[in-house]
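All values derive from a computational prediction rather than experimental measurement. Labels below follow one simple rule: chain letters A, B, ... track the order of the sequence lines, proteins then strands, and each chain is numbered from 1.
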Amino acid sequence: MSRYNAREIEPKWQKTWEDAQVFRARIDRTKPKYYVLEMFPYPSGRIHIGHGRNYVMGDVVARFKRAMGFNVLHPMGWDAFGMPAENAAMEQKSHPAKWTYANIETMKAQLKLLGLSVDWSREFATCDPAYYKHQQKMFLDFHRLGLVARKEANVNWDPVDHTVLANEQVIDGRGWRSGALVEQRKLTQWFFRISDMAEELLTALDGLERWPDKVRLMQRNWIGKSEGARVTFALTDAKHKSLEIFTTRPDTLFGASFCAIAPDHPIAQEIAKTNAGLKNFIVECKRHGTTAAEIETAEKMGFDTGLRAKHPFVAGATLPVYVANFVLMEYGLGAIFGCPAHDQRDLDFARKYGLPVPAVVVPAGEDPQTFSVGTEAYFGDGVLANSDFMNGMSVEDAKRAVIAKLEGMGAGKRTITYRLRDWGVSRQRYWGCPIPMIHCASCGVVPVPDKDLPVTLPEDATFDQPGNPLDRHPTWKNVVCARCGKLARRETDTMDTFVDSSWYFARFCDAQAPGPTNKEAVDYWLPVDQYIGGVEHAILHLLYSRFFTRAMRKAGYAGLSEPFAGLFTQGMITHETYKDPDGKYLFPEEIEKRDDIAVKRGTNHRVTIGAVEKMSKSKKNVVPPEAVADTFGVDAARWFMMSDSPPERDSEWSEAGIEGAWRYVQRVWRMVDEALPHLPGFGAAAPDGFGEAAIAVRQVTHRTIAAVTDDLERFRFNKAVARLYEFVNALSDFKPEGDDGQWARREALETLTILMNPMVPHLAEECWQALGAATMAVNAPWPKAEAALTRQDTVTIAIQVNGKRRAEIDMAKDSDAKTVEAAVLAMDTVAKAIDGRRVKKVIIVANRIANVVVELSGA
RNA sequence: GGCCCCUUGGCGGAACUGGUAGACGCAACGGACUUAAAAUCCGUCGUUCGCAAGGACGUGCCGGUUCGAGUCCGGCAGGGGCCACCA
């Protein structure tokens, strides 16, 4: 008996696949296409097994679809621009390119170890000018189409990374990479006009049926559509004639007791010029952060501007206009009217400053004369009161009525506001795609002519100090104006790296295309049929890509709007964490487990076993793929990753788990190896008839085909694995006798081999070859379940009496209700359970259950 | 604060659209083989009562709908996610 040696067998098959170039994808219109893509990696150093799950999952899909007859595209590349490279360059006194390409080399070798069915001929790195020159071209095209804007705006400034961040990259008031508290700065920046597409990006979410609801909901919330009205308040002041506010509750206009504007609202800024008190107040507002805790505890603060706003409907009534710390310039119009009775913040504010709290929406069952609000605002539904022409209306009717009236008076109109901001893409960093623009003293902003592309990064930049290396480079930014020929300055900002990843999937369709995309290839391969990645990109990358694809369509580079037809967000791999007595983290290989305790390897020092957490370098709870491949083989790792948890959930990596997977690999090989001498030849004709035992095995075989196919189709890898375990268990119990039995055994083993191939491709190749196939398993078609063998002739029907299971009975499938009822009532066990009570009725669910309902004794 | 999701044995998890809860794996335990160990094979494995046959209880908690609820509805608790002074 030969033992399965993964360390020799796995590299052998990887080489065979590579030599035969089996994963090379080509346009082939005789087959349906299938584009599988995992979110491409950032080359940060080394991968650990936690990264692997994502790629293995994609690989299982790719290999499965391939066997199902699809023309599969499964590419890989590198999201290679970004801050870590620059930080590493600063620390190691090296160059970001050197660091990045070294990491790519390491990680590529590690990925190859996993035996992925990737078409490596399409590989590229986004930091290659051959890639980013196309990005610059598209930037210029988008600029021409009005999709790019340069504007002054309040931006998020990361004081540690010395760069601007997009809203999506600020988490809890801190930079998503540096963790530094973000400051607000007013800067002139480049923006993609994503907010113009807010409505389209929102409604198109409904069409993304193969996306998780969770992700669609997150995008919906992020886009944040609010329907309401803008209302113009006339001001009593001669200098400032009117104030425009946005509200989603115009129905509560009669409950208004003040107006409030943001500290950076133009009117506030104007008054602050001559009012030192307000100026100080505005400075005070800016000092407060925006972290969750600070918002929770922040007190409402206001400064009375002295301005008074006239109520649009109540002659003679005026409202004080405050500058308030809780009003945001970025949302709506930066101005509100305060209705304390029906908004908690307005109520807190009104109580603090002693403003009136008139209630205008009264909950059902409350008396409008006596209903009042204490410390809790009422924002539920109800009936309008104290509101003149709206009295007695529902909230919805009142909204319509008041908007109509305001529109009639020219004092307001129905408006839709979105939370989504334009995407600021300027970054004051070196390691990114240069923005191809020129600043000329006489011509203003001038695009770099297409013929001068790419604008490449200078290699001799310095990284020994913070700030933008491009800006301080002695010569790089000197350029002649493309319009007037005078000396001008190059744009020294680079693009947000999320731009790089917003179109790479289109580039993969033809990575050698002379333009940004090859239209024929893009039309053939896109959309991505199955995209796989972490849910952490639910908003950032996935929203940007949806925008970018639309922009590419407008510019003629793509023929569709939605790049990803199917999305799957996979869970993380977690692992226990270990700490030595000093509180320092230890790698799993540094510890040794003895019974329930852990000690430092080779010592008696007790190690604390900490929480199970997402694998990360900082917690040291990582497992290198090389070590796993060496001891257990890659197939065992792949099998374990697919078996342990449902793919969307987190999965814990454990030594026991990988050992279990390794046992499976050995067991399958042993089973094939032991069967070989007894089996008929590969492709031998089926015998004339099958005995009972052989038929039973064939039934298991074909039912397994049906089940595993369905499970893989639906991304239920853990169930597919469980089915295959059951199959192997059944085969182990099978003791074939006669030619028919041996033929059925061969059929079963061949089937098993191909069914498990997507998960354990090296083992499958080895088995396939041993079974005598002349072709590779990777090219073998997926087996088909024969209906005659999957059909169930008898079914087990559970019998309940008053809903409690009392017995079961085997019946011919699809027996009619009368037959089942008669058979059930004839059973001794049933009679015993009925115990002489009167049978009220018998409920029969075909092929499943019979419930005998009897009178309750004594009731 | 708003919105959303989750909660099933010692553990990971099965259970299609309301129809036999606990598939499959891991761990554990008992046994066989072995000088011994590993590997392998056979068996047990939700709790509980019982010699057994069999019974009772059981899917976070309380209640409801139903012949029947892990699954549907209402409430509560715990855990997680996203957004967040968003008007």
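Judged as a ring pair (Phe, Tyr, Trp, His ring centres under 6.0 Å), and not counting sequence neighbours, A:F337 has no contacts. By the ring pair (Phe, Tyr, Trp, His ring centres under 6.0 Å) test, A:F568 is found to be paired with A:F715, residues two or more places apart in sequence or in another chain being considered. Annotation: ring pair (Phe, Tyr, Trp, His ring centres under 6.0 Å) contacts of A:F349 (sequence neighbours excluded): A:F258, A:Y322, A:F326, A:Y353. Residues passing the side-chain hydrogen bond (donor to acceptor under 3.5 Å, both in side chains) test with A:D206 are A:R220, sequence neighbours excluded. Here A:N621 pairs with nothing under the side-chain hydrogen bond (donor to acceptor under 3.5 Å, both in side chains) rule; sequence neighbours left out. With sequence neighbours excluded, no residue forms a side-chain hydrogen bond (donor to acceptor under 3.5 Å, both in side chains) with A:N221. In terms of the ring pair (Phe, Tyr, Trp, His ring centres under 6.0 Å) criterion, A:F727 has no residue partners (sequence neighbours excluded). Taking A:T631 as the reference, nothing meets the side-chain hydrogen bond (donor to acceptor under 3.5 Å, both in side chains) condition, with sequence neighbours excluded.
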Could you list the protein-to-nucleotides 45-49 of chain B atom pairs, N/O on both sides, closer than 3.5 Å?
none

Look for any protein N or O under 3.5 Å of an N or O in nucleotides 8-15 of chain B and output each such pair with its distance, or none.
{"unit_1": "B:G12", "atom_1": "O2'", "unit_2": "A:D644", "atom_2": "O", "d": "2.8"}
{"unit_1": "B:G12", "atom_1": "O2'", "unit_2": "A:D644", "atom_2": "OD2", "d": "3.4"}
{"unit_1": "B:G12", "atom_1": "O2'", "unit_2": "A:S645", "atom_2": "OG", "d": "2.9"}
{"unit_1": "B:A14", "atom_1": "OP1", "unit_2": "A:N718", "atom_2": "ND2", "d": "3.3"}
{"unit_1": "B:A15", "atom_1": "OP1", "unit_2": "A:R716", "atom_2": "NH2", "d": "2.6"}
{"unit_1": "B:A15", "atom_1": "OP1", "unit_2": "A:K719", "atom_2": "NZ", "d": "2.6"}

Between the protein and nucleotides 67-76 of chain B, which nitrogen or oxygen pairs are less than 3.5 angstrom apart?
{"unit_1": "B:C67", "atom_1": "O2'", "unit_2": "A:N851", "atom_2": "ND2", "d": "3.2"}
{"unit_1": "B:C67", "atom_1": "O2", "unit_2": "A:N851", "atom_2": "ND2", "d": "2.5"}

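Within a heavy-atom distance below 4.0 Å of RNA chain B, the residues of residues 724-733 of chain A found are A:Y725, A:E726, A:N729.
Counting any heavy atom pair closer than 4.0 Å across all strands shown, A:V535 reaches no nucleic acid atom.
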